[in-house]
Number of protein chains: 2
Amino acid sequence: MSRMDIQTRLTEFGIAVTSQRLEVAGILLDKPQHLAADQILAMLRKKGSRVSKATVYNTLHLFAEKGLVRALHVDPSRTFYDSTIHPHHHFYHVDIGELSDIPDEQIRIMNLPPLPPGTELENVDVLIKIRDRKI
Amino acid sequence: MSRMDIQTRLTEFGIAVTSQRLEVAGILLDKPQHLAADQILAMLRKKGSRVSKATVYNTLHLFAEKGLVRALHVDPSRTFYDSTIHPHHHFYHVDIGELSDIPDEQIRIMNLPPLPPGTELENVDVLIKIRDRKI
DNA sequence: AGATCCTTTAGATTGAGTCCAATTGCCCAG
DNA sequence: CTGGGCAATTGGACTCAATCTAAAGGATCT
Ligand SMILES: [Mn+2]
Ligand SMILES: [Mn+2]
Ligand SMILES: [Zn+2]
Ligand SMILES: [Zn+2]
């Protein structure tokens, strides 16, 4: 995704463009992936970028709030940000703590229960936990 | 659940009985609920119990490992322990950060995708995120 | 009693995430 | 241009769930 495309993307989602936001988006939106804030910060630093930790966190919160990326709470120790916003579900490989997208989008949930009164649906997450097969 | 029942429960799950473990189990297994370690610690302290923080954490880890309770990673800030181990799914009310069981157990997932090679299924979690209805 | 082994404990430490007050940078009115 | 206004950024202090450590406690056996 080119610098220009990213700029357009931010604007589409109602996010004011700044150089720091372009840098963070440039890393996360590069491909379908799940990255934690500290991983993004490390990648920025390796590139020689000087974006601060506070800004990385602020920016990811803003992106998630505006719907440009999706926050995932799976690993108990940190929040992952998903560059894919098209609805999809995940495998979580518990032995290695790694998250991957479910290729088959055909998962369907039958008999969705009635929601508690006064509430509305935000979204449905299916998380399939897998582990190494023990022979 | 009586003291004696809890004792039996621990033994069934291969957990050596100690007074601290009975106290922690006494609180968590009291009813179907989702509690974080610090909530359990606070409840113990209010009762005048002297179980240490380290023991509460050790104990909950042990319980989850042995299958007596289930750890849930939903709230990004802490781990909740579920006293219900019968397979079931959850609502997560994002506005108030509260977890509740889905009453209708009839949720069914169709078209479960093939697992990555060399892995086996551990379990499937469905998390339905809900929020206050905006009029 | 002593030896062995598991469990508990206080307190220090870790680390993701948040907060804050000061600074920077951008945009526009005069 | 110029400087006032305002959002965005920043370093560093701070929070707090969770973990670690090394010492003490407790049970069981001989
Ligand atoms: Mn957050
Ligand atoms: Mn844990
Ligand atoms: Zn994904
Ligand atoms: Zn539950």
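Predicted, not measured: the structure shown is a model, and the values here were computed from it. Numbers restart at 1 for each chain; the letters A, B, ... are given by sequence-line order, proteins then strands.
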Residue-phosphate contact under 4.0 Å: A:His61 side-chain N/O, C:dT18 OP1/OP2: yes
Nearest-nucleotide pick for B:Gln20, side chain only, options being D:dT19, C:dT8, C:dA16: C:dT8
Heavy-atom donor-acceptor pair, A:Lys53 side-chain to D:dG11 base, under 3.5 Å: no
Atom-pair distance (CG on B:Leu62; P on D:dT19), nearest Å: 14 Å
side-chain hydrogen bond (donor to acceptor under 3.5 Å, both in side chains) against B:Glu23, all qualifying residues, sequence neighbours excluded: B:Ser49
Phosphate-side-chain proximity, B:Thr79 and D:dA18, N/O vs OP1/OP2 below 4.0 Å: yes
CA sep, side-chain torsions, deciding dist, call: A:Asp125, A:Arg70, salt bridge (Lys or Arg N to Asp or Glu O under 4.0 Å): CA-CA 12 Å; A:Asp125 281 331; A:Arg70 223 174 116 203; 2.5 Å; yes
Nearest-nucleotide 5' precedence on DNA chain C, A:Ser77 against B:Thr59: B:Thr59
Selected nucleotide, minimal atom distance to B:Thr18 side chain, candidates C:dA16, C:dT8, D:dA18: C:dT8
Backbone N/O of A:Thr84 and side chain of A:His86: donor-acceptor pair under 3.5 Å: no
Integer-rounded Å distance: C:dA16 C1' and A:Leu60 CG: 13 Å
side-chain contact (heavy atoms from CB on, under 4.5 Å) partner of B:Phe91, the single match among B:Val126, B:Ile102, B:Leu99, B:Leu127: B:Ile102
Below 4.0 Å: OP1/OP2 of D:dT10 and any side-chain N or O of A:Ser52: yes
Spacing of A:Leu22 atom CG relative to D:dT9 atom P, expressed in whole Å: 10 Å
Shortest side-chain distance from A:Ala54, nucleotide among D:dA17, D:dT9, D:dT10: D:dT10
Exercise: do B:Thr55 and B:Ser52 side chains pair donor with acceptor under 3.5 Å: yes
Atom-pair distance (OH on A:Tyr57; P on D:dC14), nearest Å: 19 Å
Interatomic distance where CZ belongs to B:Arg78 and P belongs to C:dG17 [whole Å]: 16 Å
Residue met sooner reading DNA chain D from 5', once A:Arg50 and B:Ala36 are mapped to nucleotides: A:Arg50
Presence of B:Arg21 side-chain N/O under 4.0 Å of C:dT8 phosphate oxygens OP1/OP2: yes
